[in-house]
A.B. asks: 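Got a structure for you, questions after.
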Protein chains: 2
Amino acid sequence: MQRDGAVLFSGWLAGEAMDKLNEETSRGDEAGRPTLKTIAFMTGLGVTTVSRALKDAPEIGEETRRRVQLVARQVGYRPNRAGVRLRTGKTNVISLVLNTDEQIMSFVSDIIYGVSEVLAATPYHLIVTPYSHAQDPMDPVRYVVETGSADGIIISRTQPDDPRVRYMIERNFPFATHGRTEAGLAHPFHDFDNHAFAVEAVRRLASLGRRRLALLTPPQGLTYHQHTVDGFADALSETGASEIPFNTVSIDHSMEQIRARTAQLMRRENRPDGFISSAGAATLALVAGIEDVGLKLGRDVDVVSKQSSPILHLFRPELHLINEDFRLAGRELARSVLGWIGGKSPQSLQSLSVPRAVEPAAP
Amino acid sequence: MQRDGAVLFSGWLAGEAMDKLNEETSRGDEAGRPTLKTIAFMTGLGVTTVSRALKDAPEIGEETRRRVQLVARQVGYRPNRAGVRLRTGKTNVISLVLNTDEQIMSFVSDIIYGVSEVLAATPYHLIVTPYSHAQDPMDPVRYVVETGSADGIIISRTQPDDPRVRYMIERNFPFATHGRTEAGLAHPFHDFDNHAFAVEAVRRLASLGRRRLALLTPPQGLTYHQHTVDGFADALSETGASEIPFNTVSIDHSMEQIRARTAQLMRRENRPDGFISSAGAATLALVAGIEDVGLKLGRDVDVVSKQSSPILHLFRPELHLINEDFRLAGRELARSVLGWIGGKSPQSLQSLSVPRAVEPAAP
DNA sequence: TTCACTTTCTGTAACGTTACAGACGCTTGC
DNA sequence: GCAAGCGTCTGTAACGTTACAGAAAGTGAA
């Protein structure tokens with residue numbers, strides 16, 4: 001019987017055999033997707049055997065395994081996700097939780113593409129779970145965990161003592177954060193070294209002779225706000241430069257607000273001669289504010305900015321830029337969640353990305 | 001019995017009752033999510049009745065329906081997606097198919113947020129299915145349709161005779177396209193009126209006295225490329241302006257290429273005195289190319305550009321801008337697929353977005 | 001009283017998968 | 001010669017849901 005099967009299917013499936021199958025499996029309708037039952041019938045084996053053969057279980061004979069896998073490939077078998085999910089609870093889904101008010105241009109697209117790149121080689125699908133500023137950031141996380149609609153979660157806008165992180169750890173739910181926490185909880189993360197960014201930026205400005213520096217910070221409350229501020233402070237004392245406070249806006253504010261506040265600041269007597277901006281989009285507004293009062297980049301003031309897409313040098317060649325690669329972040333975050341799901345230790349799934357300065361392209 | 005149930009659960013669930021349930025449903029483990037079985041036990045009804053009561057089927061008594069729905073709400077019942085999907089084939093998922101080489105900034109994020117906004121009020125999840133330039137655009141579509149991993153698909157970069165559209169129509173698979181087709185197939189779409197955009201743009205340039213106009217087009221082969229080119233041609237003859245060919249690059253090319261080609265063009269004798277750019281990011285490069293040869297915006301040349309995020313006026317106030325709202329597109333596209341899934345006619349699910357000029361904000 | 005019909009509810013089976021507890025035939029050791 | 005063990009394979013049950021066929025009780029007409 002088994003040998004017959006091997007002979008029968010080594011070429012390919014005759015029309016009669018297909019009809020027989022449809023009868024046998026009592027499906028009058030047109031073919032439909034092949035299931036384990038289809039393959040079981042074709043090989044003359046039981047569904048259990050087929051199931052095991054396809055996942056290389058040890059108790060299956062070498063020849064049987066090969067035969068089953070051959071047939072499966074030929075008929076284009078794909079496991080039914082709903083079947084697997086219902087039986088095992090495994091969803092093969094990663095949820096990316098995003099804030100719909102995110103200001104940083106290209107953050108969303110790049111991180112999605114990064115995550116996708118990694119997931120493409122796996123059976124995982126990517127589902128996007130958005131929330132707005134009107135909602136508790138906990139909502140989407142709670143939803144996914146409670147309904148079990150994903151096997152892992154990626155979050156951003158991480159806080160030093162992030163309630164979402166506590167929640168997921170308590171429930172033993174795999175996740176990775178974009179940004180670090182500081183509550184002594186071990187979990188996978190990927191972060192950009194914003195401390196190093198700020199230090200680099202201050203040094204650059206200092207080397208240009210700038211002494212009165214202002215910092216356009218990340219949003220209050222997020223971990224990387226503190227990292228940035230700390231790096232700024234450390235480098236100030238290292239270089240002996242001084243800070244001109246600029247706390248009325250952050251990169252989360254609207255372009256109009258940033259522009260207006262910058263102009264206001266630049267009209268003061270003791271105005272800064274150097275700026276550090278934590279986001280590319282914000283820098284556009286910042287520069288507009290500087291120029292609104294008639295000051296000139298590179299002459300009256302220098303600006304160092306982070307950017308996540310390579311457009312700022314087209315805007316003003318005088319800008320000093322440091323790249324943050326969100327696509328890389330997406331890849332790392334995806335690898336991290338998958339790693340945790342796969343049983344690796346959280347500590348081994350943490351990574352930090354080092355700032356890299358960009359030189360202007362020759363025209 | 002029914003009345004007992006009503007009384008028992010009108011307050012809330014006593015500890016003993018809960019134990020009883022766990023015994024009865026033979027689950028020793030901690031609670032777990034409530035299922036139909038849970039509610040069936042609690043109300044003393046059959047699972048079938050509960051299932052029907054929750055979806056307001058007509059053959060359920062008024063009181064029973066209310067009782068079931070009350071209990072369901074109380075225990076926080078959520079239908080198990082895998083169960084529904086396995087039984088009915090309905091996934092409650094919409095797949096957004098995206099090209100990972102998309103140049104247009106904010107396209108991805110805005111369209112995702114738009115789609116999400118609409119899906120948020122439904123049981124649908126959004127899954128992102130990306131493909132790279134290395135792949136056949138058909139791949140992701142085929143994958144989703146063949147594996148039945150979504151109930152509907154949203155695609156972009158639509159072509160006049162798009163094979164994906166043919167494929168999905170043949171298979172009777174609900175979808176919506178960002179952009180129109182021209183093969184006489186009726187299907188839901190949302191599109192920006194690029195013909196009108198080009199006409200508006202030419203008129204604007206003509207009104208500024210510009211007579212030799214160049215067009216930076218959308219990618220060849222996409223429907224809106226032709227729409228744009230047609231609008232451009234129509235308005236040229238209307239205004240009597242002439243075209244300076246600029247066909248060596250499109251908005252899909254890299255910034256470097258656009259910049260270089262623009263500079264090259266501007267060094268010619270018969271250089272354009274007006275540009276129309278079909279994308280915001282490309283405009284940055286275009287303007288850089290213009291300025292590379294020492295020409296000045298507003299004096300030597302005027303540029304009209306589409307933009308999808310409000311940053312170009314910060315870049316150069318002299319730019320003439322027309323907004324394209326991708327978040328709106330996302331909303332419309334989501335509404336369209338859902339409508340088709342819900343049985344509405346494809347013809348009734350088509351919409352066109354009208355260009356709107358942007359005036360510079362006062363500093 | 002009986003029959004037909006309606007209203008409201010119920011049990012069974014099935015979707016595709018995997019865990020589990022065997023079953024079968026062969027070898028091996030005593 | 002027999003029990004134990006091994007290597008392969010199998011059937012049954014279950015995950016949570018809904019379609020379907022039907023049952024029980026009540027209503028009304030004859």
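Heavy-atom basis, side chains included; hydrogens, waters and symmetry copies ignored. Chain letters run A, B, ... following the sequence lines, proteins first and then strands; every chain starts at 1.
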A.B. asks: Take atom CZ of A/R33 and atom P of C/dC15, then tell me their distance rounded to the nearest Å.
C.D. replies: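 After rounding, the reported distance stands at 14 Å.
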A.B. asks: Please report the distance, rounded to the nearest Å, between CZ in A/R78 and C1' in C/dG16.
C.D. replies: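 Taking CZ of A/R78 and C1' of C/dG16, I get 16 Å after rounding.
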A.B. asks: Are any side-chain N or O atoms of B/S51 and backbone N or O atoms of B/V47, one a donor and one an acceptor, separated by less than 3.5 Å?
C.D. replies: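 Not confirmed, B/S51 side chain does not pair with B/V47 backbone.
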A.B. asks: Which nucleotide sits closest to the side chain of A/I60: D/dG16, D/dC9, C/dC9?
C.D. replies: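 My answer, after comparing the listed nucleotides, is D/dC9.
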A.B. asks: Could B/R335 and B/E332 be called an ion pair, given the rule that one side-chain N must be under 4.0 Å from one carboxylate O?
C.D. replies: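 So B/R335 pairs with B/E332 through a salt bridge.
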A.B. asks: Quick one: does A/E102's side chain have a donor or acceptor within less than 3.5 Å of a partner on A/V108's backbone?
C.D. replies: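 Side chain of A/E102 to backbone of A/V108, a donor-acceptor pair under 3.5 Å: no, none is there.
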A.B. asks: Measure up the A/H178 and A/H190 rings against each other and bin them: parallel (under 30°), tilted (30 to 60°), perpendicular (over 60°).
C.D. replies: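 The rings of A/H178 and A/H190 lie parallel, inter-plane angle below 30°.
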A.B. asks: Nearest to the side chain of B/T64 - C/dC9, D/dT17, C/dT18?
C.D. replies: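 Selected nucleotide: C/dC9.
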A.B. asks: Which protein N or O atoms sit under 3.5 Å from an N or O of nucleotides 20-27 of chain C?
C.D. replies:
none

A.B. asks: Could you tell me whether a side-chain N or O of A/N92 sits under 3.5 Å from a main-chain N or O of A/Y124, the two making a donor and an acceptor?
C.D. replies: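 The answer is no, because no donor-acceptor pair under 3.5 Å joins these two groups.
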A.B. asks: Within this structure, what is the CD-to-P distance between A/E59 and D/dG7, rounded to whole angstrom?
C.D. replies: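 One finds 11 Å between P of D/dG7 and CD of A/E59, rounded.
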A.B. asks: Rounded off to whole Å, could you give me the CG-to-P distance for the B/L45 and D/dA24 pair?
C.D. replies: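 Answer to the nearest Å: 17 Å.
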A.B. asks: Whether A/R33 and B/E146 form a salt bridge (side-chain N of Lys/Arg under 4.0 Å from carboxylate O of Asp/Glu) is what I want to check.
C.D. replies: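 Judged by the 4.0 Å cut-off on N to carboxylate O distance, B/E146 and A/R33 do not form a salt bridge.
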A.B. asks: Check for a donor-acceptor pair, side chain of B/R52 on one end and backbone N or O of B/I60 on the other, with a separation under 3.5 Å.
C.D. replies: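 Judged by distance alone, no pair lies under 3.5 Å.
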A.B. asks: CZ of A/F41 versus P of D/dG11: gap in Å, rounded?
C.D. replies: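 After rounding, the reported distance stands at 14 Å.
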A.B. asks: Whole-Å distance between C/dA14 C1' and A/N80 CG?
C.D. replies: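 A/N80 atom CG is separated from C/dA14 atom C1' by 13 Å.
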A.B. asks: Look at the side chain of A/T100 and the backbone N and O of B/Y113, then say whether any donor-acceptor pair between them is shorter than 3.5 Å.
C.D. replies: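 Not a single qualifying donor-acceptor pair exists.
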A.B. asks: Just to confirm, is there a sub-4.0 Å distance from OP1 or OP2 of D/dT18 to any side-chain nitrogen or oxygen of B/K55?
C.D. replies: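 It does, given that an N or O in the side chain of B/K55 lies less than 4.0 Å from OP1 or OP2 of D/dT18.
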A.B. asks: Counting heavy atoms from C-beta on, name the nucleotide in D/dG16, C/dG16, D/dT18 closest to the side chain of B/S51.
C.D. replies: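 Closest nucleotide among those given: D/dT18.
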A.B. asks: Indicate yes or no: does A/E62 engage A/R66 in a salt bridge with an N to O separation below 4.0 Å.
C.D. replies: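 Counted as a salt bridge, because a side-chain N and a carboxylate O are separated by less than 4.0 Å.
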A.B. asks: Expected output is a numbered-order residue list: members of residues 81-89 of chain A with a heavy atom under 4.0 Å from any atom of DNA chain D. What is it?
C.D. replies: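 Only A/L86, A/R87 qualify.
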A.B. asks: Could you check how far CG of B/L54 sits from C1' of D/dT18, rounded to whole Å?
C.D. replies: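 For the pair B/L54 CG and D/dT18 C1', the rounded distance is 12 Å.
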A.B. asks: When the distance from CG of B/L36 to C1' of C/dC15 is rounded to whole Å, what number comes out?
C.D. replies: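 Roughly 15 Å, once rounded to whole Å.
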